[in-house]
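Remarks on the structure that follows.
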Amino acid sequence: PTLKDIPVTCTVLHRPLHLVNPKSGGREYLKWVEPTASFRYLGIQISASLNWDAEYKYLLDQLNPILRQIKQGRKLGLAWDVFVQAASAKVLGLVSYHATVVPFSSDRMAGLNNKITEAFKITAAASPHQMRCPQPIGLGIPDMTLRAAQTRIQLALTTLHSNNMEGQALRWCLRAIQLRSASGCFPWEDTTF
């Protein structure tokens, strides 16, 4: 008999880590990523060093075509408030998703604000501060730094008030205060009148 005639069965004991693609149902094996390279997870470019340069570049690559369309759209003759509302919704959706999650530096957030304000400017003399103020004082152009801060606070409060987290957070804060005290008491316990 030859080897072709002998039935052989094999069992794989160690399979590499894999994900199942929900669309195709096939296995997709995890790839090794260099520590300096970035990979995309839930739409965010992440690197092992938590350097957000790739994410900022990705955001700008997505944002620049939209800002060019906004500059061209100013010439369409639409009512300004309708145009600002529609264009702001598009910009806010994109930038809020990235800027809320990623801790961009204040310089990068200022750069985003300036790019967005420049795209919405009617004239070169328009004041960026007045443009970012809500109507009727200003034009209602989104202030991305303020918007990201508000969204982060809202996410933190939502997390805090879900699943009895506020009780756990309060107990943690009180315990931290108690441990910090030299006497082991709360600061208001040993107050004498």
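Counting from 1, the numbers follow the sequence of the chain as shown.
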For residues 83-96, which side-chain N or O atoms pair as donor and acceptor with protein atoms under 3.5 Å away, sequence neighbours left out?
residue	atom	partner	partner atom	Å
Ser88	OG	Val84	O	2.7
Ser96	OG	Leu92	O	2.8

Less than 3.5 Å apart, which donor and acceptor atoms pair up between the side chains of residues 37-45 and the rest of the protein, not counting sequence neighbours?
residue	atom	partner	partner atom	Å
Ser38	OG	Gln45	OE1	3.3
Arg40	NH2	Tyr58	OH	3.0

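In terms of hydrophobic clustering, with Ile, Leu, Val, Met, Phe, Trp and Tyr side chains grouped at heavy-atom distances under 4.5 Å, Leu59 and Leu50 are assigned to a common cluster.
Sorted by first and then second residue, the ring pair (Phe, Tyr, Trp, His ring centres under 6.0 Å) pairs involving residues 102-127 (not counting sequence neighbours) are Tyr56-Phe104.
Residues passing the salt bridge (Lys or Arg N to Asp or Glu O under 4.0 Å) test with Arg108 are Asp53, sequence neighbours excluded. Remark: Lys71 engages no residue in a salt bridge (Lys or Arg N to Asp or Glu O under 4.0 Å) (not counting sequence neighbours). Partners of Asp107 under the salt bridge (Lys or Arg N to Asp or Glu O under 4.0 Å) rule, at least two apart in sequence or in another chain, do not exist in this structure.
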Point to revise | Residues Leu112, Met109; criterion side chain to side chain contact (heavy atoms under 4.5 Å, CB included); working and verdict | key: CA-CA 5 Å; Leu112 286 174; Met109 289 304 291; 4.1 Å; yes
Review point. Would Arg132 and Thr117 count as a side chain to side chain contact (heavy atoms under 4.5 Å, CB included) if you check the C-alpha gap in whole Å, the side-chain angles of each, and the deciding distance to 0.1 Å?
Key: CA-CA 8 Å; Arg132 291 178 191 149; Thr117 305; 3.0 Å; yes
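Screening Ile141, Leu146, Thr145 against Asn113 for a side chain to side chain contact (heavy atoms under 4.5 Å, CB included) leaves a single residue, Thr145.
Side-chain atoms of Arg152 come within 3.5 Å of backbone N or O of Thr100 as a donor-acceptor pair.
With values rounded to the nearest 0.5 angstrom, Glu118 atom CD is found 12.0 Å from Ile116 atom CD1. Between the NZ atom of Lys115 and the CE atom of Met144 there is a distance of 14.0 Å, given to the nearest 0.5 Å. Lys121 contributes atom NZ, which lies 8.0 Å from atom OG of Ser127 (distance to the nearest 0.5 angstrom).
Ion pairing of Arg147 with Asp143 is absent here, as no side-chain N (NZ or NE/NH1/NH2) approaches a carboxylate O to less than 4.0 Å.
The two atoms that bring Glu55 and Val102 nearest to each other are CG-CG2, 3.7 Å, heavy atoms only.
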